[in-house]
**Q** 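Pasting a structure below so you can have a look.
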Amino acid sequence: MGWVLASTIIIPLLGSAVIALIPEAGSRFARTLALIFSALTFGASTVLWVQFGRGVPGMQFELIAEWVPALGTSIHLGVDGISMPMVFLTGLLSLLAVIASGSIKHRVKRYFALLLLLEASLMGVFVSLDLILFYVFWEVVLIPMFFLISVWGGPNRQYASVKFFVYTMAGSLAMLGGFIALFLHSGTFDLAVLATIAPSIGPALQTGIFLAIAFGLAIKVPMFPFHTWLPDAHVEAPTAVSVLLAGVLLKMGSYGFVRFGPQMLPSGFLAIAPVIAVLAVISIIYGAAVALKQSDLKKLVAYSSVSHMGYVMLGIAAGTSTGLTGANVQMFSHGLIAGMAFLLVGCFYERAHTREISAFGGTVKIAPVLSGALVLMAFASLGLPGGSGFIGEFMILVGSFESFPVPTILAAAAVALTAGYLLWMLRRVVFGPLNPKRKTMPDMTHTEATSIFPLAAAVVVIGVLPSTLVGVIQASAVQIAALLGR
């Protein structure tokens with residue numbers, strides 16, 4: 001099974017190379033090849049999901065191979081209840097992103113080669129158990145994402161891609177400094193060994209190291225005030241790229257907080273947890289309030305991501321088993337909901353060539369399936385029972401109250417803002433009088449349904465049967481909370 005885990009990196013990496021090397025005359029097959037390789041990767045992630053041992057807190061499917069012995073670094077792969085959902089989510093969203101890339105008409109070969117490279121590097125982040133290997137994949141993610149935005153993005157794509165690169169590179173350098181400090185005080189880059197050595201580092205030094213690492217992670221989440229790159233990147237990115245950006249790339253940051261905080265630097269994590277909680281609540285309220293003011297449908301969803309990732313960070317900061325479980329459930333759920341949201345925004349844009357909310361109205365009368373999917377997405381994002389957003393958000397609030405009662409109360413109250421911008425959006429887009437300009441707007445196509453319905457189904461299944469996801473996460477969350485004495 002270790003090689004099955006490794007194949008989630010190898011298959012898309014091989015696919016990227018194959019597509020990049022085919023002659024220009026054969027570039028029309030690039031889409032088909034990308035679909036095949038992404039489907040194989042999703043198949044591998046599904047096998048891992050099925051074979052994963054529920055109730056087992058430690059690492060599974062480990063693979064260790066010698067890499068650079070002189071540096072004490074190796075190719076060490078594995079997954080636990082925290083990373084397994086992210087591997088499955090990456091495989092699913094990458095496949096759907098390929099399906100949803102029908103609007104790409106120029107430089108098709110290069111586009112799909114970069115998309116598969118992005119999938120391989122994202123997978124590498126979630127399965128790496130060596131700091132250097134983790135950092136390599138973390139940095140490689142920047143390359144395809146930069147070009148996917150700057151070449152195939154909107155009118156301001158150059159500005160958005162450079163801003164994304166500069167922000168994340170600055171954070172990455174700070175994080176690398178933290179990794180080097182860990183190595184100097186432990187003599188290893190292996191996460192399993194670090195988990196036994198690093199907690200013995202003095203509390204003050206732990207706090208300094210974790211602050212350096214947390215700076216890079218906070219930019220990726222993104223937490224207030226490091227969030228400003230996200231709306232620009234989302235608005236300019238192609239639809240499929242926005243799906244991976246919101247659905248998976250943001251989770252790199254929150255995943256890193258769990259992996260490097262409680263498990264390796266518990267004293268440092270506990271020292272700055274109150275700051276994380278406060279910034280999380282600011283992100284929740286600020287993101288929802290700004291979303292309420294948006295007239296652009298894609299910007300509304302982008303700021304919604306800032307708000308929802310704030311809930312994730314509040315659960316992580318709490319450090320309780322319930323809070324950590326809820327945070328990881330919310331990470332997965334937000335990946336599904338945000339992916340669905342950006343696909344739907346892309347559908348509306350393809351029909352009207354605008355994302356202005358005022359350009360729509362009464363779409364339920366002429367496009368009931370497309371409008372119904374938008375309603376389902378909005379209700380799931382709001383956290384209503386029956387959707388995947390409910391269980392994660394509820395567990396976060398319950399698990400965080402004991403550690404941070406005031407921030408938790410504020411976070412719960414901010415749900416009113418979330419309801420405000422989502423219901424306002426539905427009233428303007430779906431309901432009300434039909435906009436005469438949209439009288440001939442077609443309903444959802446079969447191709448669009450192929451990419452949207454799997455996410456809608458997953459949102460409902462997890463909402464009705466949350467144990468399908470909670471059972472994967474909970475044992476690892478309980479183990480991590482125990483390291484913090486919570």
Side-chain angles (χ1 to χ4, degrees), residues 3-48 63 65 67 75 77 86-128 132-153 157 161 164-165 168 172 233 237-249 251-252 339 451:
W3 283 105
V4 176
L5 182 63
S7 72
T8 60
I9 302 172
I10 296 170
I11 292 172
L13 198 59
L14 178 62
S16 178
V18 169
I19 292 173
L21 292 173
I22 61 175
E24 289 295 334
S27 62
R28 63 185 181 278
F29 300 115
R31 196 182 310 272
T32 302
L33 289 171
L35 186 62
I36 292 171
F37 280 103
S38 60
L40 289 173
T41 307
F42 176 60
S45 66
T46 303
V47 170
L48 294 169
L63 176 68
W67 189 25
I75 297 176
L77 310 178
M86 292 297 100
V87 171
F88 183 79
L89 181 66
T90 303
L92 173 62
L93 290 183
S94 296
L95 173 59
L96 299 181
V98 172
I99 296 172
S101 296
S103 61
I104 302 301
K105 303 299 183 183
H106 72 288
R107 300 179 181 177
V108 177
K109 185 183 80 165
R110 294 172 179 82
Y111 173 86
F112 284 109
L114 288 168
L115 201 64
L116 288 180
L117 177 60
L118 178 62
E119 180 183 14
S121 52
L122 287 169
M123 286 289 191
V125 167
F126 295 122
V127 304
S128 296
I132 295 299
L133 189 64
F134 173 91
Y135 187 76
V136 167
F137 284 120
W138 180 281
E139 288 298 278
V140 171
V141 166
L142 302 183
I143 300 170
M145 184 59 74
F146 172 81
F147 285 110
L148 286 167
I149 296 173
S150 65
V151 176
W152 292 273
R157 58 186 180 273
S161 59
F164 160 77
F165 194 90
T168 50
S172 297
T239 296
V241 178
S242 285
V243 169
L244 291 176
L245 177 59
V248 186
L249 191 137
K251 312 308 181 295
M252 291 166 55
S451 60

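Source: prediction; values computed, not measured.
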**Q** Report the relative orientation of the aromatic rings in Tyr111 and Trp152; use parallel for angles under 30°, tilted for 30 to 60°, perpendicular for over 60°.
**A**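 Taking Trp152 first and then Tyr111, their aromatic rings stand perpendicular (interplane angle over 60°).
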**Q** Could you state the interatomic distance from CG (Leu114) to CD1 (Ile149), rounded to the nearest 0.5 Å?
**A**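 Those atoms lie 11.5 Å apart.
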**Q** Does atom OH of Tyr135 have more than 12 heavy-atom neighbours from other groups under 6.0 Å away?
**A**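 Counting neighbours around OH of Tyr135, more than 12 heavy atoms of other residues, nucleotides or ligands fall under 6.0 Å, so yes.
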**Q** Please report the shortest heavy-atom distance between Leu122 and Met252, naming the atom on each side.
**A** CD2-SD, 3.5 Å
**Q** Quick check on side chain to side chain contact (heavy atoms under 4.5 Å, CB included): which of Pro144, Ser94, Pro12 does Leu118 satisfy it with?
**A**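 By the side chain to side chain contact (heavy atoms under 4.5 Å, CB included) criterion, Leu118 pairs with just one of Pro144, Ser94, Pro12: Pro144.
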**Q** Supply the atom-to-atom distance Leu14 CG to Ser7 OG, rounded to the nearest 0.5 angstrom.
**A** 11.0 Å
**Q** From Ile19 CD1 over to Arg110 CZ, what is the distance, rounded to the nearest 0.5 angstrom?
**A** 13.0 Å
**Q** Indicate the atoms forming the closest heavy-atom contact of Glu119 with Gly91, along with that distance.
**A** OE2-CA, 4.0 Å
**Q** Take Leu133 and Ile75, measure what side chain to side chain contact (heavy atoms under 4.5 Å, CB included) needs, and give me the verdict at the end.
**A** CA-CA 7 Å; Leu133 189 64; Ile75 297 176; 4.2 Å; yes
**Q** Apply side chain to side chain contact (heavy atoms under 4.5 Å, CB included) to Thr168 and Met145, showing your working.
**A** CA-CA 11 Å; Thr168 50; Met145 184 59 74; over 6 Å; no
**Q** Check for a donor-acceptor pair, side chain of Ser16 on one end and backbone N or O of Leu13 on the other, with a separation under 3.5 Å.
**A**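 Flag not set: sc Ser16 to bb Leu13 has no pair under 3.5 Å.
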**Q** Any donor and acceptor pair, going by atom type alone, linking the side chain of Ser128 with main-chain N or O of Val125 inside 3.5 Å?
**A**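 Side chain of Ser128 to backbone of Val125, a donor-acceptor pair under 3.5 Å: no, none is there.
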**Q** Could you tell me which non-hydrogen atom of Gly15 sits nearest to which non-hydrogen atom of Leu116, and how far apart they are?
**A** C-CD1, 3.6 Å
**Q** Could you pull out the closest heavy-atom pair between Ser451 and Ile99, with the gap in Å?
**A**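 Closest heavy-atom pair between Ser451 and Ile99: CB-CG2, 4.2 Å.
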**Q** Where do Val248 and Phe126 come nearest, in terms of heavy atoms and distance?
**A**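 Smallest interatomic distance, heavy atoms only, reads CG1-CE1, 3.6 Å.
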**Q** Assign the ring pair Phe165 / Phe146 to parallel, tilted or perpendicular, where the plane angle (0 to 90°) is split at 30° and 60°.
**A**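 Ring orientation, 0 to 90° scale: perpendicular.
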**Q** Would Thr8 and Leu48 count as a side chain to side chain contact (heavy atoms under 4.5 Å, CB included) here? Give the steps.
**A** CA-CA 10 Å; Thr8 60; Leu48 294 169; 3.9 Å; yes
**Q** Please round to the nearest 0.5 Å and tell me the distance separating atom CD of Glu139 and atom OG of Ser172.
**A**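 So the gap between those two atoms works out to 4.0 Å.
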**Q** For Leu95 versus Phe42, what's the shortest heavy-atom pair and its separation?
**A** CD2-CD2, 3.9 Å
**Q** Less than 3.5 Å apart, which donor and acceptor atoms pair up between the side chains of residues 240-247 and the rest of the protein, not counting sequence neighbours?
**A**
{"residue": "Ser242", "atom": "OG", "partner": "His234", "partner atom": "O", "Å": "3.2"}
{"residue": "Ser242", "atom": "OG", "partner": "Lys298", "partner atom": "NZ", "Å": "3.3"}

**Q** Got a second to check how far Leu40's CG is from Leu35's CG, nearest 0.5 Å?
**A** 9.5 Å
**Q** Test side chain to side chain contact (heavy atoms under 4.5 Å, CB included) on Phe112 and Val98; report intermediate values, then the result.
**A** CA-CA 8 Å; Phe112 284 109; Val98 172; 3.9 Å; yes
**Q** Just jot down the side chain to side chain donor-acceptor pair (under 3.5 Å) partners of Ser161, sequence neighbours excluded, or say none.
**A**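 With neighbours one apart ignored, the set is empty.
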**Q** Name the residue from Ile104, Leu115, Leu117, Ile143 that meets the side chain to side chain contact (heavy atoms under 4.5 Å, CB included) definition with Leu148.
**A**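 With Leu148 as partner, side chain to side chain contact (heavy atoms under 4.5 Å, CB included) holds for just one option, Leu115.
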